[in-house]
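This is the structure, below, for whatever I ask next.
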Amino acid sequence: MDRRKFIQSVAAFGATGALPAALPAFAQTRSETLLVTMEFGPNSLDIHTVGANRPAYGVSWNCYDRLLTFGKKTLANGTVSYDHSKLEPELAESWSVAKDGMSVTFKLRRDAKFHDGTPVTAKDVKWSFDRAVAVGGFPTFQMKAGSLEKPEQFVIVDDATFRINLLRKDKMTMADIAVPVPSIFNSELVKKNVTADDPWGLNWTKSNVAGGGAYKVESWKPGQEIVFVRNDAWKSGALPPLKKVILREVPSAGNRRALLERGDVDISYDLPPKDFQEFVKTDKINESSVPIENAIWYVGMNVTKAPFNNVKVRQAIAYAIPYDKLMSAAFYGRATKLWGGKAAKPDSPAWPQPHPYNTDLAKAKALMAEAGQAGGFETVLSYDLGQATVSEPIAILLQEALAQIGIKITINKIPGANWRSALLKKDMPIIINRFGGWLNYPDYFFFWNYHGQNAVFNTMSYQNPAMDKLIDAARLDSDPKKYEADVKGFIEIANSEIPRIPLTQPWMDVAMQRNIKGYQYWFHLQPDFRQITKG
């Protein structure tokens, strides 16, 4: 069977759910081609565009370079993971910090080129950093998390030398340069496609790649598949073993599992925890499971909307949640519990950590009465349909549990491609969501999720000047004792005011054929094709 017929067969499977006939390998190219299935794919090819979803991060990761990347380490279970404590060169072959610690100078690889053959220069780096701090939304807030805020900070020294002048000594700055947002764009190519209304060319890069990374996009059919081909001229790392990667959207979890078990695909992401619970009992499929650092599943309540502006209502819901049932029915035990902490005041600065709430309907009803809501109320609970394998059982159990304290829930399912845009509107009263922080610091997580100035992932529209002060202080603390006190302080406030209720710390589960080697866990949770091999 040739590649074209193979893809048509898998496409039909994803669209109709009908199991196709046995699929023989297509010629020798199968050994150099990786076939991946996911629940949903990218809604953009550019992480800077508004509402770019998580799979879009994977496109940026594989098709663009950053100045720096992270090192590697091997976890106890044998999985190779990125190492957040170690930075390594990528597009920059070296860097040096000024004696006063207030600037960093990067020497670029002189042989690096974009996909169209154009040499990469410092002007492209500056333009890309200028763009990231100017486009607004998530990219700009991500840059700000590392104190990268103003175009004046970014200086072209010469064609192969780029300098960042620091606004402050922020421990997150260097790590923030290695995340997907400050990817380096072919500035002249993008400039050819700007308009008066779109000065950064976002409309064009949403469906076109202007990078120089290890892979190019050969084709993209939104909602169906994206095909990557290796960039044989890549110089920022070892040339990837695989020449082609086909990432296919297969919405049905059952279909993704069937394709994997039959050997018709190589790797599957986004399978339900139940499937992984069953995979570990066999030796037919390799699986990798890693607790996701700095990440939680949560129930979030919009504190600007009554009655969720009443802390007693939020606390009542925290006591009404059937945590044990959720762990069993939604997560199948494949997550880390974040409820039932020993005390309201945290005894460590670790994050995530269990909050002090347990299932206690008597307390929940009493708090509803104290809030003036003894008769209950009606509301709409929303979740991302792209994460329905976990979110749907959570929603159903919440609907049943909250009815016992008088809260009548209507469930609203939002397509995965629209979820980020829906979050940005800040008009949903109560949601089920998952968030993971790229930089493994508690203050980074709270900057994104609880800081009053953050308009992106502070999905609860929560504002508390005391919380903001502690978050800001922790980011710049040099005294370990002061840092620990600040972190404990903002965790305590979060537990008391409970604008979002942590449920679990999720695990990153990936299933693959036994001949697949080189899988690496990354903080952004997207596939990195550059190290993967097929035996």
Heavy-atom distance under 4.5 Å between the side chains of Leu271 and Leu260, does that happen here?
yes
Hey, can you tell me if Trp297 and Phe331 have their rings parallel, tilted or perpendicular (30° and 60° cut-offs)?
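Correct class here is perpendicular.
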Kindly state whether the ring of Trp507 and the ring of Phe276 have centres lying under 6.0 angstrom apart.
no
Compile the donor-acceptor pairs under 3.5 Å between side chains in residues 159-168 and protein atoms, sequence neighbours left out, one pair per line.
residue	atom	partner	partner atom	Å
Thr161	OG1	Lys107	NZ	3.0
Thr161	OG1	Asp158	OD1	2.8
Thr161	OG1	Asp158	OD2	3.2
Arg163	NE	Asn165	OD1	2.9
Arg168	NH1	Ser147	OG	2.8
Arg168	NH1	Glu149	OE2	2.9

Taking only residues two or more places apart in sequence or in another chain, which ones pass side-chain contact (heavy atoms from CB on, under 4.5 Å) with Lys243?
Glu32, Arg230
Is atom NZ of Lys150 surrounded by more than 12 heavy atoms (other residues, nucleotides or ligands) closer than 6.0 Å?
no
Other residues, nucleotides, ligands: >12 heavy atoms within 6.0 Å of Arg110 CZ:
no
Do the rings of Phe138 and Trp448 sit parallel, tilted or perpendicular, given the 30° and 60° boundaries?
tilted
So, using salt bridge (Lys or Arg N to Asp or Glu O under 4.0 Å) as the criterion, who are the partners of Lys216 when residues are at least two apart?
none
Can a donor-acceptor pair be found, under 3.5 Å and without considering hydrogens, that links the side chain of Thr173 to the backbone of Gly146?
yes
Taking distance alone, no hydrogens or angles, what donor-acceptor pairs closer than 3.5 Å link side-chain atoms of residues 119-132 to residues at least two apart or in another chain?
residue	atom	partner	partner atom	Å
Thr121	OG1	Lys123	N	3.4
Thr121	OG1	Asp124	OD2	3.3
Asp124	OD1	Ser187	N	3.1
Asp124	OD1	Ser187	OG	2.6
Asp124	OD2	Thr121	N	3.0
Lys126	NZ	Asp130	OD1	3.1
Lys126	NZ	Asp130	OD2	3.1
Lys126	NZ	Pro151	O	3.0
Lys126	NZ	Phe154	O	3.0
Ser128	OG	Asp124	O	2.7
Ser128	OG	Phe185	N	2.7
Arg131	NE	Trp200	O	3.1
Arg131	NH1	Asp46	OD2	2.8
Arg131	NH1	His48	ND1	3.0
Arg131	NH2	Asp46	OD2	3.2
Arg131	NH2	Trp200	O	2.8
Arg131	NH2	Thr205	OG1	3.0

Evaluate the side-chain proximity of Glu90 to Ile184: yes if any heavy-atom separation is below 4.5 Å, no if none is.
no
Going by salt bridge (Lys or Arg N to Asp or Glu O under 4.0 Å), name the residues that satisfy it together with Glu278, two or more places apart in sequence or in a different chain.
Arg257, Lys274
Salt bridge Asp443-Lys171, side-chain N to carboxylate O under 4.0 Å
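Salt bridge between Asp443 and Lys171, a charged N being under 4.0 Å from a carboxylate O: yes.
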Which residues satisfy the salt bridge (Lys or Arg N to Asp or Glu O under 4.0 Å) test with Arg434, sequence neighbours excluded?
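With sequence neighbours excluded, Arg434 shows a salt bridge (Lys or Arg N to Asp or Glu O under 4.0 Å) to no residue whatsoever.
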Check the orientation of Tyr82 and Phe70. Use parallel for under 30°, tilted for 30 to 60°, and perpendicular for over 60°.
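Because their plane-to-plane angle is over 60°, the rings of Tyr82 and Phe70 count as perpendicular.
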Once you measure the plane-to-plane angle for Phe141 and Phe447, does it fall in the parallel (<30°), tilted (30-60°) or perpendicular (>60°) bin?
tilted
